[in-house]
Q: 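One structure coming up, written as structure tokens, with questions to follow.
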Amino acid sequence: MRRGWSLLIKKLKAILIESIRAALSALNFPEMDFTLAPPKAEKFGDISTNIALLLSKDLSQPPLDIAEIIAETLKKEKLNHIDDITVSPPGFINFLIDASFYQNSIITILEKNDQYGRGGTGKDKTANVEFVSANPTGPLTVGHGRNAVLGDTVANILEWHGFHVTREYYYNDAGQQMQILGESVSARYFELIGKENEFPENGYQGKYIVEIARNIYEALGNDISKNDPRFRTEAEKIIFEKIKTSLDKLGIYFDQFTKEKTFYETGAIKQLLEDLKSKDLIYEKEGATWLKATALGRKQDRVFIKSSGEPTYRLPDTAYHREKISRGFNLIVDIFGADHTDSYPDILAALAALDLKTDHIRVLLYQFVTLLRKGEKVKMSTRKGEFVTLDNLLTETGSDVVRYFFIMRSMNSHLDFDLDLAKDQSENNPVYYLQYAHARICNIIKHGLTAKYEFTKDFDSNLLTHNDELKLMRQLVYFPQVMETVLETLEPQGIANYLQELAAQFHKFYGKCRVITDNISLSRARLGLVSSVRIVLSSGLSILGISAPERM
RNA sequence: GCCCCGGUAGCUCAACUGGACAGAGCAUCGCCCUUCUAAGGCGAGGGUUACAGGUUCGAGUCCUGUCCGGGGUACCA
């Protein structure tokens, strides 16, 4: 039932490894770990091994000679699905997989449909992905967009592999930021009703604050006192609605919102301090409360509670993670911006000191988005009201483009975003290349119907022998492997690269091989092929959260 | 100063985690629509993978140093 392709190629690989091992022992060569991987160039076949290169030193013989000897030995036994074995400099042994292997594989894909390529790794397991987690002090920026898309896609990847995923948004509703937000709204409110009021020094200067103040004025009238808590709570509510609307446009929804305040109310923070204290990891200095991080292998101690009595964010964050651990997830993923690089290890260290398991926590750090306008950097600051919102970007380009744009490059790389080119880029965005392939296939299938070639699973896949057909099928066969790799690395970019290649193979095939022709049986077989391409494209796009249009 | 992430074609980025002659898209220049969608295909040009060493049969990838960009090094988040 859950034997997908993975198993097919794995089986093939296992057989090859077994055969190579047998050959080694027959030849009295030492045992050694070696790789078995697809080569770069087509002419080297489908799978290559470097075993001869590795043996060269021990045997003090040229790798090419060793490769020949091993290849000859392997050729003596008939290996299933292997058409040919060749040797190429500097000493690779290449295996050519026969067409029937690939032809059979598309039957598997059609049978599995949207289950094709799913592993069972996460079956009966739970995962928590915390992302966005922006404090409700302003609209989401382009930078938050990177976080949002990354987190949601990682969650999709986990779900693909069977994990039951909780998407979680954690935010700070207790600290100084929200305090300042309230004061900013209050100041704008009094400005609005004509009473001169001093704007807080660190206040939020964005226009949206004025709008919120107007909302409050319209809803609650003009006799509110300066320190009324509703300035803060109303602002939080309104901003949160905006944030949710933006995320909604990206198709991102959360299962749980967790407020920092909770951890004060439940006593979790107090408890945490006590527990750390009993481990002698907390001390007082200069009126502040410190975490003895140096005792945990960190470079410096950190303040947990300022001398003003306010905690720093590390304290509630630690309590929050402790609570997340207690919920028993098999995997916990945090999506953080590069500014957290130096802070999350403190949190993990503190948790480990409390004898909590932390090795199932994966922290994904993404580098910042730099915005360019007319070649100049736009410095973003929510507080100063200088930012480009995610909404702006979405209305200009659309969800599919934004999602693809944020996922197609490595999270470890800085992202230069040229606003002037944003729209231009969106018109020749590579995401359309993928979607176009999908739409083309849908159209072919439709065309087949009008030509009375209804696609059925009853066709002869052995008719698919054209070189472009084989290349296309080979690409389809890689898919489960790609999904496995991505599960390990949690770098969604690999999917984008793969789909790009798959679409390219399809477009080439399309140029060379006509699907619907007078040759009925060939037409049926090719319909089977393009249908399986459609399945994989559709799966890949849905994992990326991108639509797979039937026409464009 | 120290720590983290980058530096690859004119521009934006890949490169299956150490493999074979480093690949795409934009941009430039050719060619291909009376035939399933030209948002496509085919071809040309464009590179000392920042630099210098080292490890290895083999380095864009690993180690050391230098330079450049970003982030951190807060009783900000």
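In what follows, every chain begins at residue 1, and chains take the letters A, B, ... in the order their sequences are listed. As a basis for the values below, the full set of heavy atoms in this structure was taken, side chains included, without hydrogen atoms, waters or symmetry mates.
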Q: Of all the nucleotides listed (G69(B), A77(B), C3(B)), which has the minimum atom distance to the side chain of H414(A)?
A: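 Selected nucleotide: G69(B).
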
Q: Is a side-chain donor or acceptor of N50(A) paired with a backbone partner of T35(A) at a separation under 3.5 angstrom?
A: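 Yes, because the side chain of N50(A) sits within donor-acceptor range (under 3.5 Å) of the backbone of T35(A).
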
Q: Taking atom types as they are modelled, is there a donor-acceptor pair under 3.5 Å from the base of C75(B) to the side chain of E286(A)?
A: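 Indeed, a donor on one side and an acceptor on the other fall under 3.5 Å apart.
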
Q: Going by the glycosidic torsion and a 90 degree boundary from 0, is the base of C13(B) oriented syn or anti?
A: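 In terms of base orientation relative to the sugar, C13(B) is anti.
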
Q: Is any side-chain N or O of K43(A) closer than 4.0 Å to OP1 or OP2 of C21(B)?
A: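 No, no such contact exists.
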
Q: Please list, chain by chain and in numerical order, all residues satisfying ring-ring contact (aromatic ring centres under 6.0 Å, His included) with Y170(A), sequence neighbours excluded.
A: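 Residues passing ring-ring contact (aromatic ring centres under 6.0 Å, His included) with Y170(A): Y320(A).
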
Q: Could you tell me the Watson-Crick or G-U partner of C16(B), where both distances fall under 3.5 Å? Say none if there is no partner.
A: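 Its partner: none found.
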
Q: Does a side-chain N or O of Y433(A) approach OP1 or OP2 of G41(B) to a distance below 4.0 Å, or not?
A: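 Yes.
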
Q: In terms of side-chain heavy atoms of H507(A), which of A77(B), A20(B), G40(B) is nearest?
A: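 For H507(A), the side-chain atoms sit closest to G40(B).
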
Q: Pairs of donor and acceptor atoms involving the side chains of residues 495-505 of chain A, under 3.5 Å and at least two apart or interchain, shall be tabulated with distances.
A:
from, atom 1, to, atom 2, distance (Å)
Y498(A), OH, Q475(A), O, 2.7
Q500(A), NE2, Y404(A), OH, 2.9
E501(A), OE2, Q505(A), NE2, 3.2

Q: For the rings on Y366(A) and F336(A), is their centre-to-centre separation under 6.0 Å?
A: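 Centroid separation for Y366(A) and F336(A): 6.0 Å or greater.
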
Q: Could you check U49(B) for me: syn (within 90° of 0) or anti?
A: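 That one's anti.
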
Q: If C36(B) has a Watson-Crick or G-U wobble mate with both distances under 3.5 Å, name it; if not, just say none.
A: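 No nucleotide pairs with C36(B).
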
Q: Closer than 4.0 Å, any side-chain N/O of Q500(A) to the OP1 or OP2 of G23(B)?
A: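 Result: no.
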
Q: Walk me through it: do D301(A) and Y283(A) pass the test side chain to side chain donor-acceptor pair (under 3.5 Å)?
A: CA-CA 10 Å; D301(A) 291 347; Y283(A) 66 92; 2.6 Å; yes

Q: Separation of L365(A) atom CG from G6(B) atom C1', in whole Å?
A: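 Roughly 14 Å, once rounded to whole Å.
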
Q: Got L490(A) and R362(A) here, is their nearest side-chain heavy-atom distance under 4.5 Å?
A: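 L490(A) vs R362(A): side chains touch.
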
Q: Suppose we define a pair by two distances each less than 3.5 Å, Watson-Crick or G-U wobble; what does C26(B) pair with here?
A: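 Checking every strand shown, C26(B) finds its partner in G10(B), with both distances under 3.5 Å.
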
Q: For A503(A) and for C513(A), find the nucleotide of RNA chain B with the closest heavy atom, then tell me which residue's nucleotide is more 5'.
A: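 Its nearest nucleotide being more 5', the pick is C513(A).
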
Q: Taking only side-chain nitrogens and oxygens of Y436(A), does any of them come within less than 4.0 Å of OP1 or OP2 of A39(B)?
A: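 Indeed, a polar side-chain atom of Y436(A) lies that close.
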
Q: Between K324(A) and E130(A), does any NZ, NE, NH1 or NH2 come within less than 4.0 Å of an OD or OE carboxylate oxygen?
A: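 A salt bridge links E130(A) with K324(A).
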
Q: Apply ring-ring contact (aromatic ring centres under 6.0 Å, His included) to Y264(A) and list each qualifying residue two or more places apart in sequence or on a separate chain.
A: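 Here no residue qualifies.
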
Q: Got a sec? Which of residues 48-66 of chain A come in under 4.0 Å of RNA chain B, heavy atoms?
A: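 The answer is S48(A), N50(A), L53(A), L54(A), K57(A).
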
Q: Could you work out the separation of A24(B) and G45(B) based on their P atoms and round it to a whole Å?
A: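 One P to the other, the span is 13 Å.
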
Q: Among residues at least two apart in sequence or on other chains, which ones pass side chain to side chain donor-acceptor pair (under 3.5 Å) with H340(A)?
A: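 By the side chain to side chain donor-acceptor pair (under 3.5 Å) rule, H340(A) matches no residue at all.
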
Q: Is any side-chain N or O of Q493(A) closer than 4.0 Å to OP1 or OP2 of A14(B)?
A: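 It does, given that an N or O in the side chain of Q493(A) lies less than 4.0 Å from OP1 or OP2 of A14(B).
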
Q: Taking only the side-chain heavy atoms of P38(A) (C-beta and beyond), determine which of G72(B), C16(B), A20(B) contains the nearest atom.
A: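 So the nucleotide nearest the side chain must be C16(B).
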
Q: Would you mind pulling out the nucleotide paired to U48(B), Watson-Crick or G-U wobble, both distances under 3.5 Å?
A: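 Its partner: none found.
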
Q: For G1(B), give the paired nucleotide (Watson-Crick: N1-N3 plus N6-O4 or O6-N4; G-U: N1-O2 and O6-N3; both under 3.5 Å), or none.
A: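 Here G1(B) is engaged in a pair, and the nucleotide opposite it is U73(B).
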
Q: Taking N and O atoms by type only, does the side chain of T485(A) place a donor or acceptor under 3.5 Å from a partner on the base of C16(B)?
A: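 No, the side chain and the base share no sub-3.5 Å donor-acceptor pair.
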
Q: Tell me which nucleotide among A74(B), G71(B), C13(B) gets nearest to the side chain of D339(A).
A: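 Shortest atom-to-atom distance from the side chain points to G71(B).
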
Q: Starting from the 5' end of RNA chain B, give me the residue, G511(A) or K306(A), whose nearest nucleotide shows up first.
A: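 Closer to the 5' end of RNA chain B: G511(A).
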
Q: Could you tell me which nucleotide pairs with G53(B) by Watson-Crick or G-U wobble geometry, both distances under 3.5 Å, or answer none if nothing does?
A: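 C63(B) - that is the nucleotide pairing with G53(B), both distances being under 3.5 Å.
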
Q: Of the candidate nucleotides A39(B), C36(B), A77(B), which contains the atom at the shortest distance from the side chain of I444(A)?
A: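 Among the listed nucleotides, the one closest to the side chain of I444(A) is C36(B).
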
Q: Quick one: which of G19(B), A39(B), C76(B) gets closest to the side chain of M552(A)?
A: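 Of all the options, the side chain of M552(A) is nearest to A39(B).
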
Q: What integer number of Å spans the P atoms of A22(B) and G10(B)?
A: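 These two P atoms come out 16 Å apart once rounded.
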
Q: Atom CG of D317(A) and atom C1' of C76(B): how far apart are they, to the nearest Å?
A: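 So the two atoms are 13 Å apart, to the nearest Å.
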
Q: Of the candidate nucleotides G69(B), A20(B), G71(B), which contains the atom at the shortest distance from the side chain of P39(A)?
A: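 Taking heavy atoms from C-beta onward, the closest nucleotide is A20(B).
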
Q: For the side chain of S523(A) and the backbone of V515(A), is there at least one donor-acceptor N/O pair under 3.5 Å apart?
A: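 Indeed, once roles are kept as given, a pair shorter than 3.5 Å links the two residues.
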
Q: Would you measure the distance from the C1' atom in C13(B) across to the matching atom in U34(B) and give it in whole Å?
A: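 The answer is 40 Å between these two C1' atoms.
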
Q: Is the gap between the ring centers of H466(A) and F509(A) under 6.0 Å?
A: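 Centroid distance H466(A)-F509(A): not below 6.0 Å, so no.
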
Q: Side chain of N412(A), heavy atoms from C-beta onward: which of A20(B), G6(B), A74(B) has the nearest atom to it?
A: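 Looking only at side-chain atoms, N412(A) lies closest to G6(B).
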
Q: Among C36(B), A14(B), C75(B), find the nucleotide with the atom closest to the side chain of S307(A).
A: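 The nucleotide sitting nearest to the side chain is C75(B).
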
Q: C63(B) and A27(B): how far apart are their C1' atoms, nearest whole angstrom?
A: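 The answer is 39 Å between these two C1' atoms.
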
Q: Does A38(B) have its OP1 or OP2 closer than 4.0 Å to a side-chain nitrogen or oxygen of R440(A)?
A: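 Yes, R440(A) has a side-chain N/O under 4.0 Å of OP1/OP2 on A38(B).
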
Q: Find every protein N or O atom lying less than 3.5 Å from an N or O atom of nucleotides 42-49 of chain B, and list the pairs.
A:
none

Q: Does a side-chain N or O of Y510(A) approach OP1 or OP2 of A38(B) to a distance below 4.0 Å, or not?
A: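 For Y510(A), the contact criterion (side-chain N or O under 4.0 Å from OP1 or OP2 of A38(B)) is met.
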
